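Scope of the values below: all heavy atoms of this structure, side chains included, with no hydrogens, waters or symmetry mates. Just so it is clear, the structure is predicted and the values come from calculations on it, not from any experiment.
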Amino acid sequence: MARPDEGDSLEVIAEKFQKLLNAPKELKRPPGTITCSEYSDRTKVNRGTVAEWFRKLHREGRVERFKVGSVFYYRTPSDD
């Protein structure tokens, strides 16, 4: 295996990556929001159906949508 010619040793580089992997991942959830999965779990409605409903409500301007990481959160505008 080739070693880097310059800069940090592989041990130092590996330690830096380990710190990144162990770092807490804080993705802040917007207040007053719910996900399609959460609503689906509570209502026992298929998640895909809920996602369609929520997207339609968002297109109509009846709910707000926030993307945090790879998750969409929904909130009614009156929850500000």
Side-chain angles (χ1 to χ4, degrees):
M1 175 181 264
R3 297 187 68 78
D5 294 332
E6 297 177 14
D8 295 330
S9 69
L10 286 178
E11 290 76 21
V12 171
I13 294 169
E15 185 176 319
K16 288 178 182 179
F17 272 87
Q18 191 60 49
K19 284 180 184 177
L20 289 172
L21 291 171
N22 291 336
K25 294 164 183 66
E26 283 197 41
L27 297 177
K28 300 285 185 186
R29 175 192 196 118
T33 58
I34 192 166
T35 66
C36 295
S37 293
E38 291 167 340
Y39 189 84
S40 173
D41 289 344
R42 293 183 70 84
T43 61
K44 307 299 183 219
V45 174
N46 177 281
R47 190 207 165 283
T49 301
V50 171
E52 287 178 34
W53 292 346
F54 282 20
R55 284 192 302 267
K56 182 178 186 282
L57 289 170
H58 179 255
R59 281 192 308 270
E60 294 172 353
R62 297 171 59 194
V63 298
E64 298 171 321
R65 181 168 79 165
F66 306 89
K67 186 174 183 182
V68 179
S70 62
V71 178
F72 285 103
Y73 294 89
Y74 294 86
R75 173 173 72 190
T76 58
S78 61
D79 288 345
D80 289 328

task = Report the hydrophobic cluster partners of Trp53, with the cluster defined as I, L, V, M, F, W, Y residues connected by side-chain heavy atoms closer than 4.5 angstrom, directly or transitively.
result = Ile34, Tyr39, Val45, Val50, Phe54, Leu57, Val63, Phe72, Tyr74
ask   = Hey, what do you get for CD (Glu38) to OH (Tyr73), rounding to the nearest 0.5 Å?
value = 7.0 Å
query = Can you tell me how far the CD atom of Glu52 sits from the CG atom of Asn46, to the nearest 0.5 Å?
reply = 8.5 Å
Any donor-acceptor N/O pair, Arg47 side chain to Cys36 backbone, under 3.5 Å = no
ask   = Given the rule in the side chain to side chain contact (heavy atoms under 4.5 Å, CB included) test, do Leu20 and Lys16 qualify, once you have shown the distances and angles that lead to the verdict?
value = CA-CA 6 Å; Leu20 289 172; Lys16 288 178 182 179; 5.8 Å; no
With sequence neighbours excluded, residues passing salt bridge (charged side-chain N to carboxylate O under 4.0 Å, His left out) with Glu15 = Lys19
task = Compare every heavy atom of Glu64 with every heavy atom of Thr76, then report the nearest pair and how far apart it is.
result = O-OE1, 4.4 Å
ask   = So which pairs with a foot in residues 54-63 pass salt bridge (Lys or Arg N to Asp or Glu O under 4.0 Å), sequence neighbours left out?
value = Lys56-Glu60, Glu60-Arg62
